[in-house]
Amino acid sequence: MSLTVVGSVAFDAVETPSAKRDRMLGGAATHFALAASFFDHVNVVGVVGDDFSAEDEAVLTAHKIDTTDIEHVAGGKTFFWSGRYHDNMNSRDTLDTQLNVFETFEPKLSEASKNAETLFLANIVPAIQLSVLEQCEQATFTAVDSMDLWINIAKDDLLKVIAKVDCIILNDEEIEMLTGEGTIVSAARALLEMGPSIVVAKQGKYGAGVITKEGSFWVPAFPLHEVSDPTGAGDSFAGGFVGYIAAHPERPITLEVLRRAMAYGTAVASFNVEEFGTERVARLTGPEIIERVKELAAITQFDGDQPITLRR
Ligand code: AMP
């Protein structure tokens, strides 16, 4: 079985209230692929410039992630993003976005990428997501992520993508912005009428919820003593979530599978934020993930059926 992801492969500059990095490996597809590689064989579709070194690519290939479909553009520059976090570490300002080689990218997929059972359209220009979606006809589960930038400047293309996928994963503010609805629940209901049968609303450090027509499930973020860099948390959440679904191919997907997928996504994302960029997830181990999922289960379970006599 295999999973194809298309999205940004990037260099990021990140500033938090206590530390700063000028250039580190990042990108939505990179963070997603590292997380999803615990669950399935991952093919990355993307583009980089000749500033992307063999050591950068080795961060992916060391985890048996297939980089055949990462095109190298001679003389080109890799996508660059820079952001600064506010004191609460939950919101940030984008300081710079340079599409560079993504401006002219036309993805041509290898047979292996086209034949994947699972497809994740990570954050990138919706027209590129659409092109990859059209090439992956075999996929039995497709999911998309996006962001405010594309909702603002490429909404029509984004809506075409949304109409064709099984699942959409967005921040709470973005799903409200996309639908014009004022709460996550009403926005999710609106999205369920637009194509997808599964809506995931990420809420940063407050956790995430999954909403379907059958029901919903909510999980907090794993409580940590310290957060170093939230960049890529959403993508590694998506990598754990979609990866878990890819590894459980029975269809239709039950709410039970979705609950566990939420737990695995939450666990991997919590490791991602412990250090800068890809550092922590690149050396993460399977047993560490399993342990954290158990801890997450322990801190969220309670017996709601205990008898009680209330005074009124
Ligand atoms: P997240 O923190 O999960 O929102 O993901 C941040 C990652 O997304 C960074 O590694 C960036 O390189 C990448 N990113 C930021 N802005 C964009 C954009 N407009 N298109 C594609 N990728 C982006």
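Just so it is clear, the values below take in all heavy atoms, side chains as well, and ignore hydrogens, waters and symmetry mates. Whatever order the structure lists ligands and atoms in, that order sets their numbers, starting from 1. As the structure is a prediction and not an experimental result, all values here were calculated from the model.
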D145 and K202 ion-paired at < 4.0 Å: yes
Does one side chain, of E57 or T67, offer a donor that lies under 3.5 Å from an acceptor on the other? yes
Is it true that L296 and L255 fall in one hydrophobic cluster, defined by side-chain heavy atoms closer than 4.5 Å? yes
Answer yes if I299 and M262 sit in the same cluster of Ile, Leu, Val, Met, Phe, Trp and Tyr residues linked by side chain heavy atoms under 4.5 Å apart, and no otherwise. yes
Within residues 33-48 or reaching into it, pairs that qualify as side-chain hydrogen bond (donor to acceptor under 3.5 Å, both in side chains) - sequence neighbours excluded: T4-N43, H41-N43
With heavy-atom distances below 4.5 Å as the criterion, would you say the side chains of L258 and Y244 are in contact? no
Those protein residues which place at least one heavy atom below 4.0 Å from ligand 1: S8, A10, D12, G26, G27, A28, H31, F79, W81, R92, N123, I124, M147, L149, W150, P230, T231, G232, A233, G234, D235
